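Source: prediction; values computed, not measured. Quick note on labels: first sequence line is chain A, next is B, and so on, each numbered from 1.
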Amino acid sequence: MKTNFIPVDYDYFDFNGKNYAKIIGRDSSGKRVCVIDSCPVFLWAILEQGFPAEKIKKLVQEIGKIQLDLKGRQTKVEKVEVLDKNFLGQKVKALKIYATNYKDLHDIADRLALPGIEKRRGYDLGYTTHYIMEKKMIPLTWYEIEGEMLHNSNEFGGIDSSLDVDFCIKVKSFKPIEGGGNVGGNLVPLNFKPKVLVYDIECDEIKLGEGEILMISLVSDNFKKVLTWKKSDSAPDFVECLKDEAEMLEKFIEYVKKISPDFLVGYYSDGFDLPYIKARAELHKVKLALGLDGSQPRLTTGFDSSAKIKGITHIDLLRFIRTAFSQYMESETLSLDEVSREFLGDQKKKFEFRHSSKIKDHSEWNSYFEYCLHDSVLTLKLFEKFWQDLKEFSKITREPPYTLSRNGMSSNVEAFIVNNLERFNEIPEKRATYDEIAERRKLRAYEGAFVLEPVPGLYEDIAMFDFTSSYGSTIVTYNLSKSTLLESPEKNAYHIEVDGKEVYFSKKQGFFPEIFKEMIEKRKKYKQELKAKPDNVKKARSNSYKLLANAAYGYQGFFGARYYCREAAAATAAFARKTIIEVIEKINKSDYKVIYSDTDSIAFSRKGKTELEVLSLLKKLNSELPGIMELELEDFFTRGLWVTTRAGTIGAKKKYAMISKDDKIRIRGFETVRRDWCQLARRVQDYVLRQILKDGNEKKALEYVKEIIQKVKKREIQKNEIVIRTQLKKPISEYKAISPHVIAAKKMEERKIPVTMGSLIEYYIAEVQKGKKTKLVREKVKLLDEKGEYNIEYYLDRQIIPAVENIFQVFGIDIKQIISGKKQQTLGEF
DNA sequence: GTGCGTGCCCTACC
DNA sequence: ACCGGTAGGGCACGCAC
């Protein structure tokens, strides 16, 4: 039989000692399909150079005899081939050693410590990755599958009857049909609209499993439910009331089974909702049979706990947003509330939490139900917002959505590389061992980006250039990678000084730079197409390539990477520094004045020059840049402000504010954008910066600051404006320095408010009793609900004045003197 | 006792 | 441990005077 099929969730199983891929997806009519396939299982043994042919023959025979009987499994070497391959760009002879079971490859590799074998590779990819590499069944891509339907057959131990799918098919062959699929004899474009079910729980205790789950909300297309066992007489229709917590859990399982989603989605559900549900289910002896095969979710614990459900892709949306989007977001935390505000213009429902034993009132319960339901509604909307990105990213890297959505960027880069190796006939490099990682981490940091020290001042008519994919283009231009690094100097090679030593890279294109060259080209192509005719798919594609290209540099410097190469990472930074410094000099020589530069951007004064002249300068600079290096115009700005550091006279780096010619304000590094300053100081500074950029002088801004200071002195400031928020980056006990936020965290712990690594600690600085000696800020720390009055001196001297004083200093105004009422030196006013 | 350099810590920039 | 280095700046600590 034939069917259309789109793979979503990848798994595998053993049958009679062999591995089989078990892939769950849909056909074009929306039926749930399980596809069973297999692929050859093998690892590589790279031979020593010049290992004689007759010895190879003997080695092959010897290896062919390897048999293992481990873990109740019999595995043997099935076949050995001698092949010409590449490893790190070098031509090698390698043995392709086929074995019975993927799980035994490690043990077989251990038996290959034989003369003539230099390296063993390809046994540490995991079966799913191995399968996708071999058979190229790319996630979320349409295929036409030909195979044998399993009808209550005994094949594979009766797998088809144990799986809750519409049908199960054993693959003979398949081919991609991205252009469209055969439906009733016609070629039609195939769409995949995944079935998504979102869930969210509410409980009294935050600690996993320690309280009762009061309710579970479930939201899907045209489906909204809150399951609870708390009685509420006038509950809205969406509330379904069960007898007790156990029955509620049973009902939850029932609905998941009934709806049978492709994606079961939560927000922080890896770390909270699913582990909590599992703990409560265990307590009540409810079998949490959510998997399509009736299995329970598999939880991995630890720092990055994750929760896998067989056949249903469980997505913790928080994790995908964190890796793929957080660096481009405005939100200061990744809370559902804040992220929803940024992407949906919606927010969580207001609800004042109390312990459920104190909630008697029906309307309060109903608000609670509404609150819980809305969390799932928001999460569903967010999933829909990010679905195209998840899909395109998954297709491009060939990493299944379950893994992709949890990976850090380096893992996704690595998946992309590994899945592209075959085109280069490359044997995959192994994962670093624990010891290797430890060694790499000990190495001291290499020199990074160039940052130009600005001269403080208010500038007018500014242009800004930046390099497109600066580091990515540098890697490509100078062929920087592990496989192109030369052990000894060569004449015709790229070279640059790193740590006082010259490093050399071959000019013969390596696979790593080649892969990134294609990536940058595709990114460019999709960006142009997107600009010409925008749609979500192009946007997602363009964004995926952008993320990957930007991560290439970090990847090579990341100690856990298969293709880690400190020299390449250091050389990338060095070449990028050299390039930008040369461009800065050229701009200065062309009768412009460079004001500031950081890594890949250059801001300069274009006073007396037209925009057209600037563009022709850009063209000239580009014509002189090496390789694929390219500068583009970021924007024209009417004004820009640079200040000194707090310490005094030198210009502060990474701190500036500009207003573009179409009045868009860009503020970088200032306290305004730092979440560890109180709202009041941030708001005042933001106003001051904006006013100065708009007016070109400080007069209105100064008046405003004076007003605010009066308000502070009169205690007219609201409490929410003086809260200081700082994240706890490690367990409280590990802090050597006891700073204010650590004190606040300790106070919270005393009150049994859960504080863990990553918690955002909120506190304010209060007045202390008269006569009490207090030097340290931490002695004045109070939690928000602690009674007390804010410390006027602290908020003036340590928050507001520091936030604005070096801005006014640019105009020759000493704000401290003005405030204290002493002699005024307002040079700027004359 | 005060002042200042230093290290820890957090969060920004790119 | 889950991409890199560069940088500003608050706070506590400890030494010098």
(message) For nucleotides 9-14 of chain B, give me one character per nucleotide, 5' to 3': B if any protein heavy atom sits under 4.0 Å from the base, S if the only such contacts are to the sugar-phosphate, - if neither.
(response) SBBSBS
Have a look at [X] and say if it touches a base, only the backbone sugar-phosphate, or nothing, with a 4.0 Å heavy-atom cut-off.
X	answer
A/I437	nothing
A/F450	nothing
A/G448	sugar-phosphate
A/Y328	nothing

(message) Under the rule for salt bridge (charged side-chain N to carboxylate O under 4.0 Å, His left out), what residues qualify as partners of A/E767, not counting sequence neighbours?
(response) A/R715
Between [atom2] of [N] and [atom1] of [X], the distance in whole Å:
X	N	atom1	atom2	answer
A/F516	C/dG4	CZ	C1'	14 Å
A/Y446	C/dG4	OH	P	8 Å
A/D499	C/dG5	CG	C1'	13 Å
A/I738	B/dG7	CD1	P	19 Å
A/E414	C/dC3	CD	C1'	12 Å
A/L776	C/dG14	CG	P	12 Å
A/R798	C/dG9	CZ	C1'	12 Å
A/R431	C/dA1	CZ	C1'	13 Å

(message) Could you tell me if A/T572 and A/T474 have a donor-acceptor pair between their side chains, going purely by distance under 3.5 Å?
(response) no
(request) Say whether A/S544 and A/E392, considering side chains only, have a donor N or O and an acceptor N or O under 3.5 Å apart. (result) no
(request) Identify the two heavy atoms, one from A/Y596 and one from A/K654, that lie closest to each other, and give their separation to 0.1 Å. (result) OH-N, 2.8 Å
(request) Heavy atoms only: give me the nearest A/L88-A/F511 pair and the separation to one decimal. (result) CA-CE2, 4.2 Å
From the list [options], which nucleotide is the closest neighbour of the side chain of [X]?
X	options	value
A/F558	C/dT6, C/dC3, C/dG9	C/dC3
A/E447	C/dT6, C/dA7, C/dC13	C/dT6
A/R441	C/dA1, C/dG4, C/dG9	C/dA1
A/S410	C/dG5, C/dA7, C/dC3	C/dC3

(request) Identify whether NZ of Lys or CZ of Arg in A/R683 sits under 6.0 Å from the centre of the six-membered ring of A/Y687 and within 45° of that ring's axis. (result) no
(request) Examine A/K746 relative to A/Y735 and say whether NZ or CZ is less than 6.0 Å from the centre of the six-membered ring and inside a 45° cone about the ring axis. (result) no
(request) Would you indicate, yes or no, if C/dC2 has its OP1 or OP2 atom less than 4.0 angstrom from a side-chain nitrogen or oxygen of A/R406? (result) no
(request) Considering just the side-chain nitrogens and oxygens of A/R440, establish if one lies under 4.0 Å of OP1 or OP2 belonging to C/dG4. (result) no
(request) Would you please test A/E338 and A/R675 for salt bridge (charged side-chain N to carboxylate O under 4.0 Å, His left out) and show each step? (result) CA-CA 13 Å; A/E338 219 178 328; A/R675 72 166 183 206; over 6 Å; no
